[in-house]
*Asks:* 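Before we start, here is the structure in question, set down as structure tokens.
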Number of protein chains: 2
Amino acid sequence: MGMGRPRAFDADAALDRAMDVFWRHGYEGTTIAQLTEAMSINPPSLYAAFGSKEGLLKAALDRYTEKRDAWMDKVLNAQTAHEVAERFLMEHADAQTDPANPPGCLLVQGGLACGTGSENVPFELAARRTRTEDQLRERFVRAKAEHDLDENVDPTTLARYLSAVTSGMCVMASSGATRETLREIAAVSLKAFEEQTKG
Amino acid sequence: MGMGRPRAFDADAALDRAMDVFWRHGYEGTTIAQLTEAMSINPPSLYAAFGSKEGLLKAALDRYTEKRDAWMDKVLNAQTAHEVAERFLMEHADAQTDPANPPGCLLVQGGLACGTGSENVPFELAARRTRTEDQLRERFVRAKAEHDLDENVDPTTLARYLSAVTSGMCVMASSGATRETLREIAAVSLKAFEEQTKG
DNA sequence: CCACATCTGTAGCGAACACTACAGATATGT
DNA sequence: ACATATCTGTAGTGTTCGCTACAGATGTGG
């Protein structure tokens, strides 16, 4: 018994293309026709590989998360909590205005509110955002253990604050905010972080 | 010559219903069927009154902006710039978690990224967000003239920062953040504001 | 070289979409 | 009371949506 005809396209490259479309148009604003064209495959290939439109999104999100984890490693490996916050904010400002990608972040532009039948999509995106928040919190917990952060600092609050600011930057990036504008916001936020970690 | 049969529904009440649907499902996630059911009218009445789905959204946004302006007046009439920022942040935390409305804010949940043919929608929402930002900036310009804010403070930066934070709060509200969580974020942001206005 | 398993491309499926034609209802102005 | 103008409800329109049946292509294992 044979093993069948091999796939004629690279799944990861195709996912990168799909990611871009979802990112630019949101989940519900994206059509299968746009996806198949961007991925240079036909619908049956898409459905054989990913199951459904939502399955494709999840696969794209998995790939997005992979890349993001690698990126977060760089951020989290900074020496101090302050430097973690600084890198996190500034790298976000740059990433969200990187001309190689659509503005903002897939986890926000992908869809905050969806229609009946796609209720799972905002939930899925939120779970990935929470992941980042958790990674930050864990890092700040460690910083407390290392006496890098003060005793009375709440890692959860810090992580939530940074997460909120970068999500807000996504919204502004989607309406054309420049890299400089986002960096300005990041700089102000960093001062808040400093102030918070002193008190 | 007669003036025709009068409209049998209240347009403003219908707009409030439409607003809720757009807010909860986003522009593209909302169907005409959902709208007509929520508004308790039939499609021809909707189209006679508002022209199109996008026309209805704009009318709903106009009504939303009206209410928001009244709300912003209360905020902007605070005595000091610091109190303006405090009210703005805290009222946002409360409004975005008001059980009477869907979580977040129509201007964000409505749709950051839309499909081909609806490119105008994110633009329209962004314009309304910019309006709020402009109102804040003008208020901070005044605060500078009144020597309430220091000479070297940039009103644009302050307004952008507050706008970014509240937009970020919208994202978090959409994934179930509680009022207390948002207030915590608002409190941290306010410290940033204080720090920024000192330096 | 052959049986088989899987992929590819064409072509199109039913359902849901935004939107509207039309006929009847209900007001106004004279 | 009557002509007119606009609204309402029913019942659709054409289009696009996500998705798939099917036949031919292309590989593997024996």
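Reckoned from all heavy atoms, side chains included, excluding hydrogens, waters and symmetry mates. Chain A is the first sequence line, chain B the second, and so forth, proteins listed ahead of strands; every chain is numbered from 1.
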*Asks:* Can any side-chain N or O of B:Lys144 pair as donor or acceptor with the backbone N or O of B:Glu151 at less than 3.5 Å?
*Replies:* yes
*Asks:* So, do B:Phe140 and B:Phe193 have ring centers that fall under 6.0 Å from each other?
*Replies:* yes
*Asks:* Round to the nearest Å and state the distance from A:Asn42 atom CG to D:dA23 atom P.
*Replies:* 18 Å
*Asks:* May I ask you to decide if the ring planes of A:Trp71 and A:Phe88 are parallel, tilted or perpendicular, using 30° and 60° as cut-offs?
*Replies:* tilted
*Asks:* Has the side chain of B:Asp10 got a donor or acceptor atom that lies under 3.5 Å from a matching backbone atom of B:Ala13?
*Replies:* yes
*Asks:* To the nearest Å, give me how far apart CE (B:Met3) and P (C:dG29) are.
*Replies:* 5 Å
*Asks:* What is the distance, rounded to the nearest whole Å, between atom CZ of B:Arg7 and atom C1' of D:dA5?
*Replies:* 14 Å
*Asks:* Nucleotide by nucleotide, 5' to 3', does protein get under 4.0 Å of the base (B), only the sugar-phosphate (S), or neither (-) in nucleotides 12-22 of chain C, counting heavy atoms?
*Replies:* -----SSBBB-
*Asks:* Strictly distance-based, threshold 3.5 Å: is any side-chain N or O of B:Trp23 a donor or acceptor partner for the main-chain N or O of B:Leu107?
*Replies:* no
*Asks:* With a 4.0 Å heavy-atom cut-off, tell me which residues in residues 10-24 of chain A come close to DNA chain C, sorted by residue number.
*Replies:* none
*Asks:* Given A:Asp20 and A:Arg17, is the salt bridge (Lys or Arg N to Asp or Glu O under 4.0 Å) satisfied, shown in steps?
*Replies:* CA-CA 5 Å; A:Asp20 184 275; A:Arg17 308 295 200 90; over 6 Å; no
*Asks:* Of all the choices, D:dT28, D:dG24, D:dT8, which nucleotide is nearest to the side chain of A:Arg5 once you look at every atom?
*Replies:* D:dG24
*Asks:* I'd like to know whether CZ of A:Arg87 has more than 12 heavy-atom contacts from other residues, nucleotides or ligands below 6.0 angstrom.
*Replies:* yes
*Asks:* Please work out if A:Phe9 contacts a base, only the sugar-phosphate, or nothing of the nucleic acid, heavy-atom cut-off 4.0 Å.
*Replies:* sugar-phosphate
*Asks:* Is the NZ or CZ atom of A:Arg7 both under 6.0 Å from the centre of the six-membered ring of A:Phe9 and within 45° of that ring's axis?
*Replies:* yes
*Asks:* Figure out the CG/P separation between A:Leu46 and C:dG9, and round it to whole Å.
*Replies:* 13 Å
*Asks:* Nearest whole Å is fine: how far is D:dC19 P from A:Leu35 CG?
*Replies:* 10 Å
*Asks:* Which residue, B:Arg128, B:Arg131, B:Arg63, B:Lys74, forms the salt bridge (charged side-chain N to carboxylate O under 4.0 Å, His left out) with B:Asp69?
*Replies:* B:Arg131
*Asks:* Using a cut-off of less than 4.0 Å, is there contact between a side-chain N or O of A:Ser45 and OP1 or OP2 of C:dT8?
*Replies:* yes
*Asks:* What is the distance from CE of B:Met39 to C1' of D:dT8, rounded to the nearest Å?
*Replies:* 14 Å
